[in-house]
Every structure is written in structure tokens, then in C-alpha cells.
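Atoms within each ligand, like the ligands themselves, are counted from 1 in listed order.
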Amino acid sequence: MDRLDKRLAGTGRWSRKEARELIKAGRVSVSGAVYRSPEEKVSDDALVSVDGQALDGPGPVYIMLHKPAGLVSATEDPREETVLSLLPPEYQRRGLFPAGRLDKDTEGLLLLTDDGPLAHRLLSPRHHVDKVYYLEVAGVLDASDVQAAREGMVLADGLQCLPAELEVLPDGRSGLITLHEGKYHQVKRMLAARGKPVTYLKRIRFGSLELDPNLPKGSWRLLSPEETALLQNQ
Ligand code: URA
């Protein structure tokens, strides 16, 4: 049980004062009935609506973002625009953070959440959550690159990578690579070690989560309950 004004403010969409004003103005209903008292207690599973629109539950939020190039995967940065700038203010205030990073020039699937334990688990090196990237290189990929990836490459600085799967696409200049770990600049460093620098990189899968082909670059959407359950059970 929580006070109604606290429940509204907990979404990050309104301050406590704004929440009280909304309630007093008769714009807030609980399970269909208008409540005008901010201190009214509501249970966690009560259906709270503002102007007839149901709130997200008080629980964590999971967002799929199609990251464009040019933004950094951080919650704040003194110089650069961050991926959070693509979200509306109510989500910017909610304490969401990217689960994992993509380089500034990398595009594709980024999960944003305020579920710290889940993010921690997905990113833990022990969990080996698969990540799939589409890549383009300067040069031509061949069977020796596939073999090197499969054997687990040693990078220029001596870093030993886990075995990875590289699939070369018919044009020879692009491919799909599946990593079972997430080291700094890993795809770019692996391909650089093969003398075929990456010219374009896009993440298309993160664990069980596929980048939604209908989600335009720079857009976001909440995960469906099925997608959330898949992530949680991974
Ligand atoms: N590997 C990279 O080199 N960059 C990314 O952004 C992700 C994986």
C-alpha cells in the first residue's frame, strides 16, 4: 500500500506536488473511481489512471531502443548527447540506464532498464549472454576469418577471446558475428586483428531479445511481457 500521490510520483512522470494537483483536479482514478485525496492509500496492484490512461505499474521498466550512431551509451556525459535523450522526460527522470554499452558509432539494439539485478546478471561475464552483430568491413571476409573466430582469437594486446561464430554474407564484405562475451570494442578489435577493419556495426540481438525490425532507428518501445519474461529467464 502506498499513498496515491507517492504512487504517481514514483513513475517519474510528475513531482509529488504535480501529482497532488492532478489528484485534486479529479484527473486520477483508481480501478475506475475518481480519487480526490492525495493521501489515500492504494494497493500495489490497483489500476491507477490519469486522464483515463493507465500508468505503468510501479515495477521496473524495460525499453528496447534502436540506437543510432552519434550518441553515447551512458546516463550522463559532460560533452556528448546520451541515448537517454531519445526518451520522453517521464522516462528520463526514472533512473533508467543502458544494460551494456554500444560504441558511439555503433547502431542497433540497446536495452534500457531500471532493473539493476537483471542488468547485472545479463552483463555478468559468468552468464555468457549471446550478442549478435551485423558488420561491414574494409576488405573481404573469408573462411580463414571464420576459422580464427571459431578458435578464439588472440588480440594485438594479448587478450584471449572466447570462440565466436562468424557467418560471411554473400557479398564477402559483410557478416554476422555471435559473441558470448562483451569485451571493450571487441568486434572492432577482432576484425582489426584480421586486417579487415569494421566500417559499420549494428547489434541485432542481445540474449533472447531481437531488435524489432519495425522499430525505426532512434525510436524505442517498451518490451512486451513475453520479451521481459524471456530476458528474466535467461
Ligand atoms: N564491439 C565493438 O567493437 N563495438 C560495439 O559497440 C559493440 C561490440
Should M64 and V83 be regarded as members of a common hydrophobic cluster, given that ILVMFWY residues are connected when their side-chain heavy atoms come within less than 4.5 Å of each other, either directly or indirectly?
no

Look only at interatomic distance and state if T106 has a nitrogen or oxygen under 3.5 Å from any nitrogen or oxygen of ligand 1.
yes

Are there over 12 heavy-atom neighbours, none belonging to K188, within less than 6.0 Å of that residue's NZ?
yes

Which of the numbered atoms in ligand 1 are under 4.0 angstrom from any heavy atom belonging to Y133?
7 (C), 8 (C)

Per-atom filter on ligand 1: closer than 4.0 angstrom to a heavy atom of L201 are 1 (N), 2 (C), 3 (O), 4 (N), 5 (C)

Are Q232 and Y62 close enough that a side-chain donor and a side-chain acceptor fall under 3.5 Å?
yes

Could you check L87, T113, L110, D114 and say which one makes a side-chain contact (heavy atoms from CB on, under 4.5 Å) with I63?
L87

Nearest option to atom 5 (C) of ligand 1, as decided by whichever heavy atom of I177, D103, L110, V187 sits closest:
D103

Considering distance alone, does some N or O of R189 sit under 3.5 Å from an N or O of ligand 1?
no

If we number the atoms of ligand 1 from 1 as shown, the ones under 4.0 Å from a heavy atom of Q186 are 1 (N), 2 (C), 3 (O)

Between R150 and Q147, does any side-chain donor sit less than 3.5 Å from a side-chain acceptor?
yes

